[in-house]
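Here's the structure, in structure tokens; my notes come after.
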Amino acid sequence: MRVRRASVLGLALACAGAAAQDSGKPFAAEQIGKGSALYETHCQTCHGPRLANPEWAKDLRKFPREDQARFVDTVTYGVRNMPPWGDVLRPDDIDALWAYVVAGEKKK
Amino acid sequence: MYVVNGNWTFAIDVATGRQIWRTPVQYERGALRVATSGALMRGPATIYQGKLFRQTVDAHVLALDMKTGKEIWKQKYADWKEGYKGVIAPIIANGVLVSGMAGGDSTTRGFVDGYDPDTGKQLWRRYTIPAPGEPGSETWPHQTKPDAWKYGGGATWQYASYDPQLDLLYIGTGNAEPYNPTFRDGADCLYTASTLALRPKTGEMVWYYQSVPNDSFDFDATAESLLAELRVDGQMRKVLINAHKNGFLYVLDRTNGKPIAANPYVKVNWATHVDLKTGRPVLTDLLDRAMKGETVNVFPSRGTNATLISFNPKTGLVYLNSWNFPRLMKYVDFKFVLGTGSTGIESTMTTPKGEPAGYHMAMEPLTGKVAWQVPLMDFASSAGMLATDGGLLFTGLLTGEVVALDQDNGKTLWQFKTGSSVNAPPITYTHKGRQYLTVLSGRGGSIANRVVTDSVPTGGSVWTFALMPE
């Protein structure tokens with residue numbers, strides 16, 4: 001059973017591809033999944049379903065991957081037309097969103 | 001001169017451009033979560049008896065002292081956390097301040113409010129979606145979707161028109177919600193996508209015309225209705241002319257709401273025509289195909305980008321800036337979350353390769369005959385059109401030019417490049433015997449911003465030009 005779980009996780013991580021943190025460690029699949037769900041609820045209206053074809057806002061597929069601090073800051077406090085989310089999303093939620101943005105959507 | 005945007009209200013010396021006062025708009029920044037395209041403002045500053053009226057993005061309406069910019073009263077009209085937002089200029093009609101709402105792509109139920117302009121006391125509220133048991137409620141699927149009407153859209157997010165002779169206020173209502181009709185059982189869903197004629201003292205609905213029953217393509221009927229008199233079959237009729245987002249230019253009898261004409265002014269593929277006897281559009285197979293899960297390209301996504309049209313009684317022509325901008329869309333499931341988007345579709349919008357993005361155009365409103373059109377290859381225009389008695393048209397371009405066109409043929413007679421996009425309709429007026437033209441420059445708005453992306457600088461400015469006697 002332990003072996004099976006590990007292999008499923010390994011597959012998920014392989015799908016995440018280049019989804020690596022600054023530390024070089026890949027994001028956990030659970031964290032990416034949580035970020036994806038939060039994205040669908042709060043972000044996709046403006047930034048586009050599954051990160052693609054944003055209706056109004058920035059294309060997050062182009063957000064600089066070395067700029068996690070700015071991502072967290074912008075989501076928390078807002079900037080210009082980007083609203084603040086600090087009273088809705090907890091820091092670990094925003095980390096999950098970052099994981100999802102970096103991991104991206106799997107190519108179909 | 002008074003200027004509003006989402007974040008400020010300005011008083012400006014009309015002769016010199018000097019700022020007399022400016023007052024910041026106080027709003028909860030969290031409201032930008034439902035605003036989706038920033039704190040923008042549609043329509044002018046509304047001024048009446050020493051007060052200036054405006055909305056705030058977090059769903060308040062307020063009055064400022066025109067002399068000082070100090071707040072006199074402020075009323076919350078809805079909870080932005082439920083999806084409501086304020087983007088539209090109120091209007092004064094028969095002494096009543098009439099104010100709409102926006103948020104028709106979120107979980108909202110549309111309404112129009114009447115206020116006492118002196119005190120801010122609410123006099124009436126007219127919901128654009130009837131509650132169960134009220135007239136029109138039979139057009140909602142109460143048995144199978146009992147809550148659909150509560151979040152059914154019908155937002156009143158564009159400017160109204162008032163006819164003092166008939167004492168009627170004309171205001172359009174927005175798309176039905178979700179766009180995906182599965183969640184409304186494909187019902188007509190009154191009074192979404194409709195033109196309403198209201199009595200401003202009471203909010204009584206005198207007539208309505210639903211241009212898009214069972215709106216399934218985000219066809220807001222909110223474009224401002226232009227009031228005119230037209231000779232129809234030898235008789236002068238009081239009409240309203242509406243360049244609908246759905247691609248048809250409607251002429252309605254504004255005494256009773258009956259359609260007189262409805263002609264396409266852009267490519268339309270969702271309906272073949274409008275049946276003037278029933279007032280209903282005759283659909284093509286596009287909706288059926290979309291309902292079966294097909295991704296469809298809907299022409300148009302918008303006939304204009306929610307901008308003002310003009311009419312010159314001398315030429316009998318309507319002048320407008322059209323968009324060639326279909327919506328590639330697919331119906332999808334959606335999860336109801338109060339205060340968030342509730343469209344039930346996924347879509348993208350782009351101009352077909354090699355085709356003009358839009359046109360400056362002139363059209364006969366009763367026949368639909370195009371007198372002329374000028375293709376715009378880079379970007380369609382997101383500014384309103386102003387026709388003068390002297391045969392000129394003034395409008396603007398997303399690339400920043402304010403332009404004067406010849407009403408006879410659309411030829412550009414003059415242009416001046418401002419520092420950012422011209423999205424607003426130019427205005428003209430006389431001051432101390434000279435005629436002036438003023439236009440606001442400043443990239444903004446949802447679709448316009450998205451179309452030009454970063455190719456045009458941001459930044460707001462007010463430009464005034466004098467029309468020289470020679």
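To find a chain, count down the sequence lines: A is the first, B the second, and so on, and within it residues start at 1.
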>> With no hydrogens and no angle check, just 3.5 Å: does a side-chain donor-acceptor pair link B:Trp157 and B:Asp220?
In response: yes
>> For A:Trp98 and A:Phe63, take the angle between the two ring planes, folded into 0 to 90°, and tell me which bin it lands in: parallel under 30, tilted 30 to 60, perpendicular over 60.
In response: perpendicular
> Are B:Val266 and B:Asn324 close enough, and set up right, to give a side chain to side chain contact (heavy atoms under 4.5 Å, CB included), and what steps lead you there?
Replying inline: CA-CA 7 Å; B:Val266 289; B:Asn324 178 24; over 6 Å; no
> Has the side chain of B:Tyr27 got a donor or acceptor atom that lies under 3.5 Å from a matching backbone atom of B:Ala59?
Replying inline: no
>> Counting only non-hydrogen atoms closer than 4.5 Å, can you tell me which residues of residues 343-350 of chain B sit against chain A?
In response: B:Glu346, B:Ser347, B:Thr348, B:Met349
>> Sort by residue number and list every residue of residues 34-42 of chain B having at least one heavy atom under 4.5 Å from chain A.
In response: B:Thr36, B:Ser37, B:Gly38, B:Ala39
> salt bridge (charged side-chain N to carboxylate O under 4.0 Å, His left out) with B:Arg327: which residues, sequence neighbours excluded?
Replying inline: B:Asp218
>> So for B:Arg29, is it side chain, backbone, both, or neither that comes closer than 4.5 Å to the heavy atoms of chain A?
In response: both
> Quick one: do the B:Asn423 and B:Ser421 side chains pair a donor with an acceptor below 3.5 Å?
Replying inline: no
>> Under 4.0 Å between a side-chain nitrogen and a carboxylate oxygen: does that hold for A:Arg61 and A:Asp59?
In response: yes
> What about the rings of B:Phe336 and B:Tyr151, do their centers lie closer together than 6.0 Å?
Replying inline: yes
> Okay, side chain of B:Thr108, backbone of B:Gly110: is any donor-acceptor separation there less than 3.5 Å?
Replying inline: no
> What are the residues of residues 38-48 of chain A, in order of number, with any heavy atom under 4.5 angstrom from a heavy atom of chain B?
Replying inline: A:Thr41, A:Thr45, A:Cys46
>> Using only atom types and a distance under 3.5 Å, with no angle test, would you say the side chain of B:Asp215 pairs donor to acceptor with the backbone of B:Phe217?
In response: yes
> For the residue pair B:Phe219 and B:Trp270, is the inter-centroid distance of their aromatic rings smaller than 6.0 Å?
Replying inline: yes
> Just checking, B:Arg22 and B:Trp8: is the charged tip under 6.0 Å from the six-membered ring centre and within 45° of the axis?
Replying inline: yes
> Do any N or O atoms from the side chain of B:Asp58 and from the backbone of B:Glu28 form a donor-acceptor pair under 3.5 angstrom?
Replying inline: yes
